[in-house]
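Read through the structure below, which is laid out as structure tokens, and then see the notes.
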Amino acid sequence: MSYDLVIKGGLVATASDTFAADVGIRDGKIAAIAAALDGGAETIDATAKLVLPGAIETHAHIEQESATGAMTADDYRTGSISALYGGNTSFVPFAAQHRGQSVTDTLALYHERAEKSVIDYSFHLIVTDPTEEILKKELPEAFAGGITSFKVFLTYDKMIVPDEAMLDILVTAREHGALTMVHAENNALIKWMVKRLVETGHTAPKYHAVSHPAAAEAEAINRAITLANFVGAPLLIVHVSTEEGANLVADARRAGHPIFGETCPQYLFLTRDDLDKPGAEGAKFCCSPPLRDVKTQEDLWRHLQAGTFHLWSSDHAPYRFDESGKLSAGPNPPFNRIANGMPGIAMRVPLLMSEGVRKGRLSLNDFVALTATNAAKLFGMHPQKGTIAVGADADIAIWDPEETRTVTAADMHDAMDYTPFEGMEITGWPTTVITRGKVALSGGELHAEPGDGKFIARQPFDFTGYTNRPFPELDPAAFGVKLID
Ligand code: DUC
Ligand code: ZN
Ligand code: ZN
């Protein structure tokens, strides 16, 4: 047999197995996995390296306008390049529908923006305006076009979806096999806190954390799960930042509901003390939900180890530390006028390798699940993406588990002027990244071109293993009334 490329001598790991093998690639696909393969037009020596599925980033804000008009610093070129340097071979950023906009037009705009991506991509829709037309026509059309997930917000005045509309959205999603993602924080509680803090002159960045209490997250997660379970719809709670929130996700899973959780590196490696840096520096660490404390870091590690979270995502939301981003309201902005979010798309996977796998907190297989396989399964891309198997896309990251580097902003290869992880010493880095059989990155050199990335039309949510039964009030067999399809 002949191959375009053979990766020789590495230790291959999937979400279930770790084994020494050569991997043969032909026409952009994995064609063979065997103890020894010859016949490669090109060969990569992976001795003492890990050969892993390319990671899949499923929470990133790229070339996205916020509801207040702020544009992220990264576009699809820089965002995808930075992702590649962090071992990612595909990503699923958001396409944000703002109020009054059509979903169809929004998607067309993001399809155009994403043409310069160097890695494969899809989008989650952000839905802020679920009109009848959108629920009945535009969302089903989007799902049919391979956009099988979307995000709603239970907070922010310009984004918030009331509970009744949330039920409409969940039912539409369930009917069409789409996965709803939710930003779960109680809007009223946050606004009540912000008002009191600002009125009393407490406006430094550190009060951002005070204004978004753990209770706000717990209440909204509980509500979102209750609504989803009521109609039997799958739900992903994104960026869970508290023990209370993680416990709610774990309880729902234990009860057999299709409820999923995601957490992010910032909640395990940073704390609210970072918001208290001198001057406006704390603005760099303003994100929502906010950074918490050391105990919460330990709680979230425990939940990560226990399998509560399916996803480990960056929530890359890059706003520069200048007037285009964090300082748009002036050099010393009040905490409630600082763009929410921080960059991290290049660091998500190396942080988990270093602090998770290398420090013995997670197995290599759990690492693969959290960074690639679970995302591919949850978002309808498996087995094309997210694993090393014959027939899958040859999306592979070769890692040197021994390489140690100190994190610097320049090494992120993004359009940002800081990284919140500056100065951390990280062991384990991707050295070669292969996208659909092409060496896109090797030895720090980029070989990918804008346009190399292609759109991934995703499959519907897979309900296998979940009962998917709504509450009895919606079951025609129980009360003789048919209220949903
Ligand atoms: N939610 C996100 O998911 N990212 C950035 C800000 C936010 O509110
Ligand atoms: Zn969010
Ligand atoms: Zn986000």
Side-chain angles (χ1 to χ4, degrees), residues 56-74 79 82-83 91-98 110 123-128 149-161 166 169 179-187 189-191 194 205 208-209 211-213 216-218 220-221 223-224 235-242 245 249 260-267 270 275 283-292 309 311-320 325-326 328 335-345 347-348 375 379 414 416 420:
I56 305 174
E57 170 67 79
T58 53
H59 190 150
H61 303 269
I62 307 289
E63 211 167 337
Q64 182 193 324
E65 295 95 352
S66 73
T68 51
M71 187 62 159
T72 56
D74 279 311
S82 185
F91 65 166
V92 188
F94 294 95
Q97 177 225 17
H98 294 297
Y110 279 84
F123 314 106
H124 315 287
L125 260 172
I126 288 177
V127 179
T128 58
S149 54
F150 56 96
K151 181 179 178 188
V152 293
F153 287 77
L154 298 182
T155 188
Y156 298 129
D157 284 349
K158 293 194 161 131
M159 317 277 282
I160 189 169
V161 171
M166 177 77 175
I169 287 174
L179 177 61
T180 307
M181 308 157 76
V182 65
H183 178 131
E185 287 187 287
N186 181 303
N187 199 42
L189 180 40
I190 292 167
K191 281 170 70 176
V194 169
H208 174 69
S211 71
H212 288 241
E217 178 171 285
I221 290 180
R223 181 160 36 103
L235 182 69
L236 167 63
I237 318 293
V238 296
H239 48 49
V240 175
S241 69
T242 59
V249 173
F260 304 90
E262 170 202 83
T263 193
C264 314
Q266 46 272 39
Y267 303 116
L270 305 170
L275 286 161
K284 294 177 178 175
F285 299 89
C286 277
C287 60
S288 288
L291 303 177
R292 308 290 181 183
F309 296 116
L311 299 175
W312 168 260
S313 307
S314 73
D315 195 0
H316 184 75
Y319 299 106
R320 288 170 62 91
K326 293 285 185 184
S328 64
F335 73 84
N336 59 328
R337 297 193 57 204
I338 297 170
N340 273 212
M342 58 177 75
I345 202 164
M347 286 310 304
R348 160 185 92 104
F379 292 115
D414 57 12
M416 286 296 294

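Counting starts at 1 for both ligands and their atoms, in listed order. Index from 1, following the sequence.
Nearest N/O/S atom of His59 with respect to the Zn ion (ligand 3) is recorded as NE2. Nearest to the Zn ion (ligand 2), among the N, O or S atoms that His183 has, is ND1. In terms of distance to the Zn ion (ligand 3), the nearest N, O or S atom of His61 is named NE2. The N, O or S atom of Asp315 with the smallest distance to the Zn ion (ligand 3) is OD1.
Here is the list of ligand 1 atoms found below 4.0 Å of a heavy atom in Ser288: 1 (N), 7 (C), 8 (O). The ligand atoms of ligand 1 that sit less than 4.0 angstrom from a heavy atom of His183 are 1 (N), 7 (C), 8 (O). Proximity to Asn340 (heavy-atom distance under 4.0 Å) selects the following atoms of ligand 1: 5 (C), 6 (C). Listed by atom number, the atoms of ligand 1 under 4.0 Å from His59 heavy atoms are 2 (C), 3 (O).
For the ligand labelled ligand 1, residue Val238 lies outside the 4.0 Å heavy-atom shell.
For the atom pair CZ (Phe285) and CD1 (Ile338), the distance works out to 12.0 Å, reported to the nearest 0.5 Å. With rounding to the nearest 0.5 Å, the separation of NZ in Lys326 from OH in Tyr319 is 8.5 Å. The CD1 atom of Ile345 lies 4.5 Å from the CD1 atom of Ile62; values are rounded to the nearest 0.5 Å. Considering CG of Leu236 and CZ of Phe150, their distance stands at 11.5 Å, rounded to 0.5 Å.
The ring of His316 has its center no closer than 6.0 angstrom to the ring center of Phe91.
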>> Please evaluate residues Tyr267 and His239 with respect to the criterion ring-ring contact (aromatic ring centres under 6.0 Å, His included), reporting the C-alpha separation (whole Å), side-chain torsions for both, the decisive distance (0.1 Å), and the verdict.
In response: CA-CA 9 Å; Tyr267 303 116; His239 48 49; 7.2 Å; no

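Classification of the His61-Phe94 ring pair by plane angle, with boundaries at 30° and 60°, yields parallel.
Scanning the protein for heavy atoms near atom 3 (O) of ligand 1, the closest one is Lys151 NZ, 2.6 Å.
Residue side and main chain included, His239 places no N/O/S atom under 2.8 Å of the Zn ion (ligand 3). At a threshold of 2.8 Å, the Zn ion (ligand 2) has a backbone or side-chain N, O or S atom of Lys151 nearer than that distance.
Of the candidates Tyr156, Phe94, Tyr319, Tyr156 brings a heavy atom nearest to atom 7 (C) of ligand 1.
In this structure, Arg223 places its CZ atom where more than 12 heavy-atom neighbours from other residues, nucleotides or ligands lie under 6.0 Å away.
Between the side chains of His124 and Ser149, a donor-acceptor pair is found at a separation under 3.5 Å.
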